[in-house]
Amino acid sequence: MNRRAYPSDLRDEERQRLEPMIAVHSGIGRAVKWSRREMVNALLSGLRSGCQWQMLPHAYPAYGTVFYHFRQWRRAGLWERINPALREQVRVEAGREAQPSAGIMDSQRAKTTEKGGGVARMEPSR
């Protein structure tokens, strides 16, 4: 990486955690021009800034390349495997069981009411 780091870029420790989970180039097809780390950095930049694919900074691979890899990894279920794996690693390192034993439900997320209609939505009465 021959550029100044963006705030959203992976730190070395984060890259080391993700590296075994992201497939390397199989050797079939075109030679790899961009590292997997730069692909993930571009994805993180877009997620953090909320920008459109076409508005990724020029320091990253072309947006079509980044989107292609994102789509391939999504279709392969990569993100669904990464999240629980990282959670388990962090829990074990903190001296906890890999799997959580309980969950917490925020009462604001499961809001109910005994009143119905306009009263429940706080509409002004007529």
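Worth saying up front: this structure is predicted, and the values here are computed from it rather than measured.
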**Q.** Test item: Asn83 side-chain N/O and Glu80 main-chain N/O as donor-acceptor pair under 3.5 Å
**A.** no
Q) Has the side chain of Glu14 got a donor or acceptor atom that lies under 3.5 Å from a matching backbone atom of Arg11? A) yes
Q. Closest approach of Glu38 and Pro61, non-hydrogen atoms and distance?
A. O-CD, 4.2 Å
Q) Is any NZ, NE, NH1 or NH2 atom of the basic residue among Asp12 and Arg37 found under 4.0 Å from an Asp or Glu carboxylate oxygen of the other? A) yes
Q.
Among residues at least two apart in sequence or on other chains, which ones pass ring pair (Phe, Tyr, Trp, His ring centres under 6.0 Å) with Trp53?
A. Phe67, Phe70
Q: Looking only at non-hydrogen atoms, find the nearest pair between Leu43 and Trp73 and report the distance.
A: CD1-CZ3, 3.9 Å
Q. For the residue pair Ala42 and Val66, what are the closest heavy atoms and their distance?
A. CB-CG2, 3.7 Å
Q.
Between Arg48 (side chain only) and Pro7 (backbone N and O only), is there a donor and an acceptor less than 3.5 Å apart?
A. yes
Q) Which of these passes side chain to side chain donor-acceptor pair (under 3.5 Å) with Tyr60: Asp9, Thr65, Asn41? A) Asp9
(Q) Looking at Tyr6, I want to see if its OH is surrounded by more than 12 non-hydrogen atoms of other residues, nucleotides or ligands under 6.0 Å. (A) yes
Q) Between the main-chain N or O of Pro100 and the side-chain N or O of Arg87, is there a donor-acceptor pair closer than 3.5 Å? A) no
Q | Atom CZ of Arg71 with >12 non-hydrogen neighbours under 6.0 angstrom | A | yes
